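Structure first, commentary second.
The structure presented is a predicted model; accordingly, all values stated were derived computationally and were not measured. In what follows, chains carry the letters A, B, and so on, assigned in the order in which the sequence lines appear, proteins first and then strands, with residues in each chain numbered from 1.
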Protein chains: 2
Amino acid sequence: MRLTRAGEYGIRCVQHLARHGKGTLVSRKEIAVRTDVPPHFLAKIAQQLARAGIIEIQQGANGGYRLLRDPSGITLLAVIEAIIGEISLNDCVGRPESCHNSPLCTVHLIWNKANQQLRATLQEADFATLAKEESCCLTPFPETAGHKEPIGKK
Amino acid sequence: MRLTRAGEYGIRCVQHLARHGKGTLVSRKEIAVRTDVPPHFLAKIAQQLARAGIIEIQQGANGGYRLLRDPSGITLLAVIEAIIGEISLNDCVGRPESCHNSPLCTVHLIWNKANQQLRATLQEADFATLAKEESCCLTPFPETAGHKEPIGKK
DNA sequence: ATATATAAGATATTTTTAGTCTTATATCGA
DNA sequence: TCGATATAAGACTAAAAATATCTTATATAT
Ligand code: SF4
Ligand code: SF4
């Protein structure tokens, strides 16, 4: 019941790009360092974002990534689902046929409602708004950003 | 971003008990067969429900499980969180200290909001209401319930 | 006492997540 | 044109979590 790291990383990537604005080329390395994401992992995530039409990848020397759309036209939901697929809080939400009971199931209805509500909330959040204030993943002192401490251990 | 099977099974178990009403003893085997849950797995889940004060386990011959509270006083949220712990859609929701950026992060605020909304929705659903109509996991013909077909394979 | 049913926790299997590595390709600039 | 740099694509590995089972112990009804 939790977003994967890949999803979280995808959001960080887009948010960093959003701060530079639509069309600005930013190197993978800069994004990786500033958002604390393993560079090779970021490459994979970027490919998914590119396939979803959110970013464009420029190869070669001085390559990098750029936003294809205006930040105001990119929602949190779009980015997340580009990475992890359509959100489905319970198996039967996305695939009702996975449970023979779903046509009669009152719990199923609750899950459908909750799922739709969650997706709506994430759809309301666009990256123009999100980037307005200083936010996600701006490491205060880039030169000292060791980014090797594990992000979260209990 | 999905409920675990253990969580789903826990709901089925409580719902089955709810149909029998508070205090009625139902054997683990009956619950397992009728809700299509592996018996040993159910045992584990039941222990978690017992620790959470939702059911009581009766040992020994003719033992089984019974609801401790009235179905109307048991919410979907309570059952789910008894099994999988408190819902946290992103790591930083439950443990803000896991990301040094959380105090400034606008995305973090969205997750907090979405999380609270989801929990509220699941809290509104109580098992008296859920059990009113025929619902979750009532196999139409118990005697033919082979329950060995895998519940969901793509 | 014996049969029955669950307790509790160890163990095993499978799936998913997370991350890395390798080889190929594209682009820039000397 | 060539070499350095940067990403592409996908194979591969490692770690973690989910799912399920097994084993031994304990409780209870008869
Ligand atoms: S029993 Fe209901 S809630 Fe559970 S998987 Fe089936 S349809 Fe979904
Ligand atoms: S960057 Fe923001 S949303 Fe992402 S983990 Fe940190 S606080 Fe949460």
So, is [X] near the phosphate of [N], with a side-chain N or O under 4.0 Å from OP1 or OP2?
| X | N | answer |
| --- | --- | --- |
| A:R5 | C:dT17 | no |
| B:Y9 | D:dA20 | yes |
| B:R28 | C:dA5 | no |
| A:Y65 | D:dA6 | no |

Is any side-chain heavy atom of A:V79 closer than 4.5 Å to a side-chain heavy atom of A:T75?
no
In whole Å, I'd like the distance from the [atom1] atom of [X] to the [atom2] atom of [N].
| X | N | atom1 | atom2 | result |
| --- | --- | --- | --- | --- |
| A:K29 | D:dA8 | NZ | P | 17 Å |
| A:Q47 | C:dA24 | CD | C1' | 13 Å |
| A:D91 | D:dT19 | CG | P | 10 Å |
| B:R66 | C:dA5 | CZ | P | 16 Å |
| A:Q48 | D:dG10 | CD | C1' | 13 Å |
| B:K44 | D:dT21 | NZ | C1' | 9 Å |
| A:F41 | D:dT13 | CZ | P | 18 Å |
| A:R2 | C:dT16 | CZ | P | 18 Å |

Among D:dT21, C:dA18, C:dT22, the one nearest A:H40 by side-chain distance:
C:dT22
Please enumerate all residues that pass side-chain contact (heavy atoms from CB on, under 4.5 Å) together with [X], with sequence neighbours excluded.
| X | result |
| --- | --- |
| A:E86 | A:E81, A:R119 |
| B:Q47 | B:A43, B:R51, B:I57 |
| B:L25 | B:Q58, B:R66 |
| A:Q117 | B:Q117, B:T121 |

Taking atom CZ of A:R12 and atom CG of A:L42, what is their separation to the nearest 0.5 Å?
11.0 Å
Starting at CD of A:Q116, measure out to CH2 of A:W111 and round the result to the nearest 0.5 Å.
14.5 Å
Specify the residue among B:G7 and A:G63 whose closest nucleotide of DNA chain D lies further upstream toward the 5′ end.
A:G63
Could you list the residues that satisfy ring pair (Phe, Tyr, Trp, His ring centres under 6.0 Å) with B:H108, not counting sequence neighbours?
none
Taking N or O atoms only and anything under 3.5 Å, show me the protein contacts with nucleotides 28-30 of chain D, one pair per line.
from: D:dT28; atom 1: O2; to: B:A61; atom 2: N; distance (Å): 3.3

Which residues pass the salt bridge (charged side-chain N to carboxylate O under 4.0 Å, His left out) test with A:E124, sequence neighbours left out?
B:K113
What is the nucleic acid contact for A:A46, judged by heavy atoms within less than 4.0 Å: base, sugar-phosphate only, or nothing?
nothing
Please report, to 0.1 Å, the donor-acceptor pairs under 3.5 Å made by any side chain of residues 67-74 of chain A, with sequence neighbours excluded.
from: A:R69; atom 1: NH1; to: A:G73; atom 2: O; distance (Å): 3.3
from: A:D70; atom 1: OD2; to: A:S72; atom 2: N; distance (Å): 3.4
from: A:D70; atom 1: OD2; to: A:S72; atom 2: OG; distance (Å): 2.9

Nucleic acid contacts - residues 75-83 of chain A versus DNA chain D, non-hydrogen atoms under 4.0 Å
none
